[in-house]
Amino acid sequence: MTDSEIQSYLHFGAAYRPLAEQGSHALANIHEPGLREWIASASRSALIAEGVRRLRASAEAALEAAEPGSHAIQLSGGYDSRAILGALLNHLSPSEVVACTFGTPGAPDYELPARMAASVGVAIERLDIQTLRWDLDAVVAYARNAFRRHPAALALERYVNYQLRCRIGTAPTYWVGYLGDALAGAHLPQTPSESWEAAAQRFVATNRRTRSILLTRPGWSPTSVLPDAPLMPHDVLGFDDQLDLAGRQAAYIDIPWAPFRDTYLFDQREWKAFALALPWEERVGPPHRRLPLYLDVLAEAFPRLSRFPVQGNRPRPIPFSPVQAFFQRAGRAARRVGRALSVVPRTPDVMRMDYAADLRADTPHARLVRQLVADSDARGRLPHLDGRALWEAHARNEADYARELMVLASLEVNLKAGENHQRIRRSQVRELASA
């Protein structure tokens with residue numbers, strides 16, 4: 001890895017420049033002549049009906065392109081995975097679909113997917129992350145062999161997802177929520193950026209992976225790994241969307257694993273062109289009066305799945321009643337105030353272990369992270385950082401450096417995987433030379 005790639009990884013949790021410069025298939029098929037003009041004159045009920053039609057048509061198009069056989073989806077408590085599940089069941093029987101999830105038994109975001117799958121008659125495979133074997137050699141071998149693109153974003157964290165897929169096997173087509181939240185407007189600022197430079201500044205601020213401190217070396221600018229100019233005209237796609245789709249989505253979500261076949265519902269032209277043609281206020285939602293149009297589309301298309309709670313205490317597409325909707329809003333407001341006053345603890349990352357607590361305990365995962373951070377210090381590629389000091393401060397509960405330690409550990413996994421790959425290549429060259 002070059003110094004630029006390492007610094008990008010330390011800031012974003014991914015190496016951005018190669019992805020953004022190449023563009024992404026996310027930027028393809030985003031324009032449909034006359035669609036924006038129709039949307040501008042359509043009623044909201046007509047927009048919802050069109051969204052439902054396009055979501056179903058997108059599932060049909062993706063299914064036609066997929067290989068025959070079964071289908072698998074990693075089901076979470078979020079919007080996108082339930083939309084994919086509902087869309088698939090419009091065309092397939094429940095026996096042709098398997099859901100999968102991971103987490104800690106008893107946690108809401110581990111139990112909720114099972115309830116959702118049962119409600120529509122779909123089988124589910126669940127991985128208890130407490131049973132995983134955290135072995136350095138196994139993790140490095142996975143990082144070297146599993147990813148088609150290196151360095152892999154958040155390589156250590158994605159080890160759990162990979163092990164979950166290994167339980168299901170390579171036979172099904174895997175449905176991924178790539179672009180779902182991005183097209184819905186989840187990553188957009190409340191007002192669109194008026195220049196490429198302003199969008200880039202917002203992007204590096206909101207996509208900084210670490211929370212407590214900067215890991216990059218002094219003087220390094222994260223904007224240096226972003227394209228210097230827009231990837232396409234602003235009137236075709238806004239600056240904020242360009243950076244999110246070609247950068248963040250490509251780096252974090254569009255990450256194919258070598259043994260598996262992935263397909264995308266939201267990357268189909270029918271849905272993508274429609275979502276990106278919607279007015280800004282129909283995508284960003286609050287503080288505007290209405291929720292994003294995406295949620296109304298889900299409520300109309302998949303009413304049964306829409307009634308289940310949503311991860312992170314976000315609003316249901318369909319509340320059970322106006323009274324419950326009121327208490328949901330009041331509860332979210334109370335939690336925001338409580339977190340601001342440090343009365344209510346922040347909820348751990350959804351569908352993942354509580355890294356802050358885990359790294360303070362004597363668990364196999366914590367011991368592996370500690371070893372990787374120590375190896376990073378010994379490597380000497382980050383002379384401005386003292387990983388051991390971060391670890392000890394976190395262990396003493398003086399600060400929450402969980403994200404920082406996980407970024408350092410994932411970076412070290414990538415570096416070890418690269419070295420391992422180079423050793424194998426050199427060995428193969430020697431064998432060919434001696435043959």
Side-chain angles (χ1 to χ4, degrees), residues 25-26 51-67 69-102 109 112-126 161 164-165 168 171-186 245 249 252-257 260-275 292-312 314 316-318 350-351:
H25 56 81
V52 171
R53 185 194 70 78
R54 285 174 176 264
L55 201 56
R56 289 173 174 164
S58 294
E60 186 174 359
L63 279 167
E64 288 178 356
E67 295 185 18
S70 60
H71 300 265
I73 173 176
Q74 185 172 324
L75 191 60
S76 71
Y79 300 122
D80 298 337
S81 64
R82 72 181 68 192
I84 295 172
L85 178 61
L88 284 179
L89 293 178
N90 283 332
H91 302 279
L92 303 172
S93 69
S95 63
E96 296 176 280
V97 181
V98 60
C100 53
T101 194
F102 68 87
D109 290 303
L112 175 61
R115 291 168 50 202
M116 295 173 64
S119 75
V120 292
V122 168
I124 186 167
E125 176 75 27
R126 295 191 290 177
N161 303 64
L164 176 61
R165 285 199 180 195
I168 305 295
T173 293
Y174 283 83
W175 290 72
V176 181
Y178 171 60
L179 295 182
D181 57 350
L183 296 177
L245 269 58
Q249 293 295 303
Y252 286 107
I253 313 300
D254 182 22
I255 305 178
W257 279 313
F260 303 98
R261 298 191 313 274
D262 287 359
T263 193
Y264 307 132
L265 169 67
F266 302 106
D267 194 32
Q268 302 299 314
R269 179 173 185 169
E270 280 277 324
W271 177 256
K272 186 161 55 173
F274 174 74
L293 186 82
Y294 178 51
L295 300 193
D296 282 335
V297 170
L298 297 191
E300 180 70 22
F302 319 115
R304 181 184 299 178
L305 292 170
S306 295
R307 292 186 180 276
F308 282 91
V310 181
Q311 67 183 32
R314 290 181 290 172
R316 290 182 177 93
I318 298 179
V350 176
M351 299 302 296

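Both backbone and side-chain heavy atoms feed into the values below; hydrogens, waters and symmetry mates do not.
- Considering CD1 of I73 and CD1 of I168, their distance stands at 12.0 Å, rounded to 0.5 Å.
- Minimum heavy-atom separation, A61 to Q268: CB-OE1, 3.7 Å.
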Verify side-chain contact (heavy atoms from CB on, under 4.5 Å) between I124 and M116, making sure each step is shown before the conclusion. CA-CA 10 Å; I124 186 167; M116 295 173 64; over 6 Å; no
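- What you find for G51 and F274 is that their closest heavy atoms are CA-CE2, 3.6 Å.
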Hey, can you pull the donor-acceptor pairs under 3.5 Å for the side chains in residues 83-94, sequence neighbours left out?
unit_1 : atom_1 : unit_2 : atom_2 : d
H91    : NE2    : R56    : O      : 3.4
S93    : OG     : S95    : OG     : 2.9
S93    : OG     : E96    : OE1    : 3.2

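- Looking at residues two or more places apart in sequence or on another chain, you find no side chain to side chain donor-acceptor pair (under 3.5 Å) involving W271.
- With sequence neighbours left out, Y174 forms a ring-ring contact (aromatic ring centres under 6.0 Å, His included) with F260.
- Residues satisfying the ring-ring contact (aromatic ring centres under 6.0 Å, His included) criterion with Y79, sequence neighbours excluded, are absent altogether.
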Assess the residue pair R82 and F302 against the criterion (side-chain contact (heavy atoms from CB on, under 4.5 Å)); give the C-alpha distance rounded to whole Å, side-chain angles, the decisive distance to 0.1 Å, and a yes or no. CA-CA 8 Å; R82 72 181 68 192; F302 319 115; over 6 Å; no
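- Between K272 and A26, the closest heavy-atom pair is NZ-O, 3.3 Å.
- Remark: L179 CG to L265 CG distance equals 10.0 Å, nearest 0.5 Å.
- In plain terms, the two heavy atoms of A99 and A117 that are nearest each other are CB-CB, 4.4 Å.
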Is there a side-chain contact (heavy atoms from CB on, under 4.5 Å) between L112 and R115 once you walk through the steps? CA-CA 5 Å; L112 175 61; R115 291 168 50 202; 4.0 Å; yes
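- More than 12 heavy atoms of other residues, nucleotides or ligands sit less than 6.0 Å from atom CD of E125.
- Put simply, CG on L298 and CG on L305 are 9.5 Å apart, with the number rounded to the nearest 0.5 Å.
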Report the C-alpha separation of Y294 and D80 in whole Å, then their side-chain angles, then the decisive distance to 0.1 Å, and conclude whether the side-chain contact (heavy atoms from CB on, under 4.5 Å) test is met. CA-CA 10 Å; Y294 178 51; D80 298 337; 2.6 Å; yes
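- Partners of E67 according to the salt bridge (Lys or Arg N to Asp or Glu O under 4.0 Å) rule, which considers only residues two or more places apart in sequence or in another chain, are R261.
- Taking both residues in full, the closest heavy atoms of L75 and S81 are given as CD1-OG, 3.6 Å, listed atom of the first, atom of the second, then distance.
- E270 pairs by the side chain to side chain donor-acceptor pair (under 3.5 Å) definition with R53, not counting sequence neighbours.
- The minimum heavy-atom distance linking G78 with V310 is given by the pair CA-CG1, 4.2 Å.
- By the 30° and 60° cut-offs, the orientation of the rings of Y264 relative to Y178 is tilted.
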